[in-house]
Participant: 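Once you've had a glance at the structure underneath, I'll fire off some questions.
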Amino acid sequence: MEKTYNPNSFENKIYQNWESKGYFNPDNSQAATDNPNKDKPFLITMPPPNVTGVLHQGHALFASIEDAYARWKRMLGFKVLWLPGTDHAGIATQLMVERLLESEGTSRVKVGREEFLKRTWQWKEEHGGIIQKQLRALGSSCDWSRERFTMDDESNIAVKESFLRFYHKGLIYRGERLVNWSTGLDTAVSDLEVVKKTVNSNLYHIRYDLEDYSGSLTVATTRPETLFADTAVAINPKDDRYKDYEGKKIKLPLTDRTIPIIADEYVDTEFGTGALKVTPGHDHNDWKIGQRHNLESLSTIDRNGLMMKPAGEFKGMKVKDARKATIAKLEEQGLLLKKEPHTHEVGHCDRSGVAIEPLISTQWFMKMDSMAKNALAAAKTSNQEKRALRYFPEFWDKTYFEWLENIQDWCISRQLWWGHQIPAWHCSDCLQITVPKTMSDGEPTKCIHCGSEKITQETDVLDTWYSSGLWPITTLGWPNDSADLNFYYPKTKYSDEREPKELYSLMETGSDIIFFWVSRMLMMCTELMDGRIPFEDVYLHAMVRDEKGQKMSKTKGNVVDPMDIINEHGADALRLTLLVLSGGGRNVNFNIKRLEGYKAFLNKLWNAVRFTMPNLSDSEVNGESGGGKSIPYKLPSEAELRESNFVNRWILSRLNETIQEVNKYFQDYRFDMAFNTTYQFVWYEFCDWYLECFKSSDKSKTDKQTLAFCINQILHLLHPIAPFITEEIYRALPGNADKALMMQPYPEEYDSSTLGNVDDMKTFSNLKELVEGLRNFRTENTISPKKEIFACLLKRDEATWPMIAKFVEPLARLKLSLNESDLEGKSTGKVSTANFDIAIPLDGLVDFEAESKRLNTQINKISKELEGLNKRLSNRSFLERANPAVVEKTEKEQSKLSTKLKSLEESLAALKA
RNA sequence: GGGCAGUUAGCUCAGUCGGUAGAGCGCCUCCCUUACAAGGAGGAUGCCGGGGGUUCGAAUCCCUCACUGCCCACCA
């Protein structure tokens, strides 16, 4: 082994080996026949990154989490299918190719649909594949042999088939509705793709005169230019001011139309003037009012954002200009009564940034209510403990419920070219639509209504999220009755009860796409799979931000490229950091300092093994002499352990506790805790104490076997979160050259009946306390660490001393070579614990002042603690009401501290004398 | 307007049956002791956001306020 940990020298090599051996493919599972989990499925469908994307910290985070979990489950014996793939990312990809064409001096429209698609595929071939390489660099153990793309042939089949089924079930329909139109993208978008932005605008008060000029109403609006499509003015029925207006006709300014005055509860009497112009053709609320009152819907803005015929002389103007012109005209006619600054939220296109123009358009929609009901039921059962679908962190289910309970139909058609073209055919003879019952015989050639052959396929494509919504089933081969679908797709129905631990599938993704993706998968897949939900646990991680909690963005210049980190520090350090910081689903404020700390830990581990190595080559440990089969790295027998020293029993029982905790934390998706627990154990117990003790041990067979067992178990424990270094070290261990750690069973709690009994634990803490006291004495008196101290043991616990004696001297660098008589007439310092007193002659070692200061500091500290304990123990209520175990613990602590205090005070007195 | 998170050491964050607060980095002192200076030994640092309540005891449970971040939303 090299002297220092150098991840670059082996990470690639290790990954290539794993992949070439086929370890990622669950068909090659190596679980032992007696493993209780053998042949049980476990499915993680990877959230598909954009096919032409490059790895960012968000990807690195999901890959770290999913890989850690997949590796843990795999080592537990499950057949783990972690299925990778990429997404065609409709709008995003189309925009990139459009930009490319623009740079060539042409455009999408100029080259035409066919050529455009050709160029897009070409773009995909050229720019795809990068992210797969990067996911490999992170150590992702996903099954590349099953990799998929949302627009590959199988996905095409699945998307079409699902569309036909949804359509014929009445879950997909076509209709004229008010939709969110993005003039920036020239397509309709769904509600989720509209983001609200705060806009400083004006509220215009406009006078509308009654038809008979017997009075007028003043409406307040931010969009005067839409008045050309007004079809009513609404007032609140409870508004006394306008009681007499309801049912009357009112003149629409700048036009020759008259429109009715209606009463609707929606109108807020407090806002504006309490009179609302109703434009069902260009406003979502007005659309709803229109539905309630059977109002006509007019359009005055077209798909290019230009004014239409109803706008009269403003026809052809851009909306923005038309607004100015309308205001000017109103002002001219004396109808503009007031203009006041107004700040409000306006919907903008998430992708292109332009203001969304609500307008009436014929689109395809998916009916959501019935599917939402089932998706809701999956997470909301009468017995919440056994709900089929669980969110982690749990608070996400509230968000999920909230959305599903208020769900609107989903506009799934897009006027784009890059995507899945909708499998519906328009007949130019009878104008009806043909959606075939099946497409197994190919595309339809005749209209099913009139038989005409003049049919053409719908040009709209489906929202990218439509194919994403089917991803868990398309990747398994649906609609075919494939082996993977049968084996890996969860059996749990939305209406089932499930034991939380009976888990065979996980969805892990960013919390920002809980609606876009998670909810839709649940609805669509559950519908198509006879009520079986696509995954049972959903773990949602937060966004990766910089160390100040700011979003990473190029303009801020705070972007951290995970590939840079991997190149400089290795994938394991990055994984550890992301896993720890994302613990419990919290925000991930990436901090390079944390990463450096965790990398230091990996170096520590590396060196611990380097030290261990020579002690593992002993044939007594790794093989019986005489050529018998060796059983390395196994737990020493009960008898062997009982005969050996307490340090072995102590470390083994601490290891056992660590194993239990780590498994529990994995189960709860607490990767941070799983790692921290191991970190603390490895560094502060295994390295700092166990290895130091080992150096002074007899290095007996049992001693060495204990060491070997611990090292081996530690590597196993850490493998899911730091796969590269653990695999590299594992293979370097004697006898492991052609083994693979990733395919070994995960550590499980072992029978500890003869291990860490209470006495061993106590003996160890005695040792630790004494050594620490002596080290403290040395430092406080500024005695060089090099200088050996000669001392005398005054008081000792007879039962414990023989066990710890040989460790105390080397660990504290002192010699207990003096007798009590040697101390006579000399000033001595004293190190005391509850069970031991050690006297150290001070001549030539320390100045008395320093020693008296040290003693005083300790006395003060202990007195203070003792004071607190005394106070509690003299409180009758505490004694009466507190848990007896707590009282007992407090009493013990009190007596321990008293003894120590007394001893320190004696020392101080002796020093003064 | 509604909801969800968060507020703990100088910085980034743990703290899952309430028992008197921890880690990493940074800081101070000493040490290149043959696994590790990416290390070792020792040390300093906290009105656990404010206020109120429950309790023998609260960072932890309840109420309330403040601030930060995010999500949803139909006041034109």
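Every chain is numbered from 1, with letters handed out A, B, ... down the list of sequences.
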Participant: For nucleotides B:rA21 and B:rC28, find the distance between their C1' atoms and express it as a whole number of Å.
Facilitator: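 Roughly 23 Å separates the two C1' atoms.
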Participant: Give me the distance, rounded to whole Å, that separates B:rU60 from B:rG18 when you measure between the P atoms they each carry.
Facilitator: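 Those two atoms are separated by 12 Å.
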Participant: List the atom of A:L897, the atom of A:I862, and the distance in Å for their closest heavy-atom pair.
Facilitator: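 Heavy atoms of A:L897 and A:I862 come nearest at O-CG2, 3.8 Å.
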Participant: For B:rA41, give its Watson-Crick or G-U wobble partner with both distances under 3.5 Å, or none.
Facilitator: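 Paired with B:rA41, as far as the under-3.5 Å criterion goes, is B:rU29.
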Participant: For the side-chain hydrogen bond (donor to acceptor under 3.5 Å, both in side chains) test, which of A:K277, A:H282, A:R323 pairs with A:T226?
Facilitator: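 Single pass found, and it is A:K277.
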Participant: Between B:rC25 and B:rA14, how far apart are the two C1' atoms, rounded to whole Å?
Facilitator: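 B:rC25 and B:rA14 have their C1' atoms separated by 15 Å.
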Participant: Heavy atoms only, 4.0 Å cut-off, all strands: where does A:Q550 land among base, sugar-phosphate and nothing?
Facilitator: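 The residue A:Q550 makes no contact with any strand.
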Participant: Any side-chain N or O of A:R586 under 4.0 Å from OP1/OP2 of B:rG6?
Facilitator: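 Yes, within the criterion.
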Participant: What does B:rG1 pair with, Watson-Crick or G-U, if both distances are under 3.5 Å?
Facilitator: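 Base-paired to B:rC72.
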Participant: Let me know, please, whether A:K664 or A:R610 comes out on the 5' side of the other along RNA chain B by nearest nucleotide.
Facilitator: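 This one resolves to A:K664.
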Participant: What contact category does A:W683 fall into here, base, sugar-phosphate, or nothing, at under 4.0 angstrom with non-hydrogen atoms?
Facilitator: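 Result for A:W683 = sugar-phosphate.
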Participant: I need a per-nucleotide contact map over nucleotides 67-76 of chain B, read 5' to 3'. Cutoff is protein heavy atoms under 4.0 Å; write B for the base, S for backbone only, - otherwise.
Facilitator: ---SSSBBBB
Participant: Looking across every strand, which nucleic acid part, if any, lies under 4.0 Å from A:Y665 by heavy atom: base, sugar-phosphate, or nothing?
Facilitator: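 Touches a base.
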Participant: Would you measure the distance from the P atom in B:rA5 across to the matching atom in B:rG15 and give it in whole Å?
Facilitator: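 Roughly 15 Å separates the two P atoms.
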Participant: With rounding to whole Å, what would you report as the distance between B:rG69 and B:rA59 at their P atoms?
Facilitator: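 My reading of the P atoms in B:rG69 and B:rA59 gives 28 Å.
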Participant: Under 3.5 Å, which protein N or O atoms sit close to an N or O of nucleotides 18-24 of chain B? Give each pair with its distance.
Facilitator:
residue: B:rU20; atom: O4; partner: A:R872; partner atom: NE; Å: 3.2
residue: B:rU20; atom: O4; partner: A:R872; partner atom: NH1; Å: 3.4
residue: B:rG24; atom: OP1; partner: A:Y684; partner atom: OH; Å: 2.1

Participant: Once hydrogens and angles are ignored, does a donor-acceptor distance under 3.5 Å link the base of B:rA5 to the side chain of A:K398?
Facilitator: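 No, no donor-acceptor pair under 3.5 Å.
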Participant: Any donor-acceptor pair under 3.5 Å linking the side chain of A:D350 with the backbone of A:E193?
Facilitator: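 Pair absent, no side-chain N/O of A:D350 close to backbone of A:E193.
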Participant: State, to 0.1 Å, how close A:I356 and A:P358 come at their nearest heavy-atom pair, and which atoms those are.
Facilitator: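 Smallest heavy-atom distance, with atoms named: O-CD, 3.4 Å.
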Participant: Counting Watson-Crick and G-U wobble pairs only, both distances under 3.5 Å, name the nucleotide matched with B:rG57, or none.
Facilitator: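 Check on B:rG57: unpaired, no WC or wobble geometry under 3.5 Å.
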Participant: Expressed in whole Å, how much space separates the C1' atoms belonging to B:rC47 and B:rU20?
Facilitator: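 15 Å, rounded to whole Å.
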Participant: Which nucleotide wins on minimum distance to the side chain of A:R775, given the candidates B:rU12, B:rG15, B:rG42?
Facilitator: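 Selected nucleotide (nearest to the side chain): B:rG42.
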Participant: Tell me whether the side-chain N/O atoms of A:R670 come closer than 4.0 Å to OP1 or OP2 in B:rG15.
Facilitator: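 Yes, because at least one side-chain N or O of A:R670 sits under 4.0 Å from OP1 or OP2 of B:rG15.
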Participant: Answer yes or no: side-chain N or O of A:E692 and base N or O of B:rA35 forming a donor-acceptor pair under 3.5 Å.
Facilitator: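 Side chain to base: pair present.
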Participant: Ignoring hydrogens and angles, are the base of B:rC36 and the side chain of A:K604 linked by a donor-acceptor pair under 3.5 Å?
Facilitator: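 Checked by distance alone, the answer is yes.
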Participant: Less than 6.0 angstrom separating the ring centers of A:F671 and A:Y665, yes or no?
Facilitator: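 No; A:Y665 has its ring centre 6.0 Å or more from that of A:F671.
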